[in-house]
Amino acid sequence: QVQLVESGGGLVQAGGSLRLSCVASGRTFSIYTMGWFRQAPGKGREFVATISWSGGSTDYADSVKGRFTVSRESAKNTVYLAMNSLKPEDTAVYYCAADRRGSVGTVVGAWAYWGQGTQVTVSS
């Protein structure tokens, strides 16, 4: 089993920045693909970013490309999501996800493990 705990959410003005963290515990961290998803009020959960087990491959949703950066620090069992130039439409609960496979994709149902989420609110 893998446990994921997110932190770093909060309230920020449009144009501001936040950095989310996700700490993994349980099974060996380095073999997992990690990802970030978000769910806005009244909407389904959507893909934001993913990072490969080595950290060498990343992918982003078009809506966040150029503004968000995903990274991981295996020694600390932690994955980060740096969010810049935030917009009100980025307001959502952000979830960390993990899977034992090397490539998982963007479909929510394909990911095995989920954190509890952290709220990000961007005011206009």
Side-chain angles (χ1 to χ4, degrees):
Q1 280 286 33
V2 174
Q3 293 78 45
L4 304 172
V5 178
E6 304 96 332
S7 62
L11 174 64
V12 64
Q13 289 187 333
S17 300
L18 282 175
R19 189 177 79 157
L20 306 183
S21 300
C22 173
V23 179
S25 61
R27 306 296 290 270
T28 304
F29 176 78
S30 62
I31 68 172
Y32 292 101
T33 299
M34 306 292 292
W36 287 97
F37 290 75
R38 66 186 181 186
Q39 187 164 12
K43 296 187 177 181
R45 195 170 298 188
E46 65 175 10
F47 166 74
V48 174
T50 186
I51 186 165
S52 66
W53 68 271
S54 67
S57 177
T58 58
D59 191 22
Y60 298 91
D62 289 342
S63 59
V64 307
K65 280 181 181 177
R67 299 188 299 121
F68 291 11
T69 303
V70 61
S71 60
R72 67 190 293 164
E73 193 168 1
S74 295
K76 294 185 176 181
N77 291 344
T78 301
V79 64
Y80 304 100
L81 184 68
M83 305 184 295
N84 298 312
S85 301
L86 282 162
K87 305 174 181 180
E89 51 263 45
D90 294 317
T91 295
V93 177
Y94 283 71
Y95 296 91
C96 178
D99 198 275
R100 300 182 68 93
R101 294 168 289 172
S103 178
V104 187
T106 64
V107 176
V108 171
W111 293 76
Y113 305 105
W114 291 89
Q116 82 291 347
T118 184
Q119 176 69 49
V120 171
T121 303
V122 184
S123 63
S124 58

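- Tracing side-chain contacts under 4.5 Å through hydrophobic residues (I, L, V, M, F, W, Y), one never reaches Trp36 starting from Val104; they form parts of separate clusters.
- For residues 44-80, no residue pair satisfies the disulfide bond (SG atoms under 2.5 Å apart) rule, not counting sequence neighbours.
- Tyr95 has its side chain out of reach of Leu4: every pair of non-hydrogen atoms, C-beta onward, lies at least 4.5 Å apart.
- Here the OH-CD distance, from Tyr113 to Gln1, works out to 5.0 Å after rounding to the nearest 0.5 Å.
- For the atom pair CG of Leu81 and CD of Glu6, the computed distance is 11.0 Å after rounding to the nearest 0.5 Å.
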Ignoring hydrogens and angles, write down the donor-acceptor pairs under 3.5 Å from the side chains of residues 9-24, residues two or more places apart or on other chains.
unit_1 : atom_1 : unit_2 : atom_2 : d
Ser17  : OG     : Asn84  : OD1    : 2.8

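- How far CD of Gln3 is from SG of Cys96: 12.0 Å, rounded to the nearest 0.5 Å.
- Partners of Phe37 under the ring pair (Phe, Tyr, Trp, His ring centres under 6.0 Å) rule, at least two apart in sequence or in another chain, are Phe47, Trp111, Trp114.
- Thr118 contributes no side-chain N or O that, together with a main-chain N or O of Tyr94, makes up a donor-acceptor pair within less than 3.5 Å.
- Heavy atoms only, all atoms of each residue included: Met83 and Val120 are closest at CE-CG2, 3.9 Å.
- Legend: salt bridge (charged side-chain N to carboxylate O under 4.0 Å, His left out) pairs involving residues 41-52, not counting sequence neighbours, sorted by first then second residue: Arg38-Glu46.
- Identified under the salt bridge (charged side-chain N to carboxylate O under 4.0 Å, His left out) test for residues 50-64, with sequence neighbours left out: Asp62-Lys65.
- Considering only residues two or more places apart in sequence or on other chains, Tyr80 meets the side chain to side chain donor-acceptor pair (under 3.5 Å) condition with Glu73.
- Across every non-hydrogen atom of Thr50 and Met34, the tightest pair is OG1-O, 3.0 Å.
- Residues that satisfy the side chain to side chain contact (heavy atoms under 4.5 Å, CB included) test with Thr58, not counting sequence neighbours, are Ile51, Tyr60, Val70.
- Among residues two or more places apart in sequence or in another chain, the side chain to side chain donor-acceptor pair (under 3.5 Å) test is passed with Ser52 by Ser54.
- In this structure, the side chain of Gln116 does not engage the main chain of Val5 through any donor-acceptor pair within 3.5 Å.
- For Gln119, the side chain to side chain contact (heavy atoms under 4.5 Å, CB included) criterion is met by Thr91, Val93, Thr121, not counting sequence neighbours.
- With sequence neighbours left out, Thr69 forms a side chain to side chain donor-acceptor pair (under 3.5 Å) with no residue at all.
- The disulfide bond (SG atoms under 2.5 Å apart) contacts involving residues 40-70 comprise nothing, where partners must be two or more places apart or lie in separate chains.
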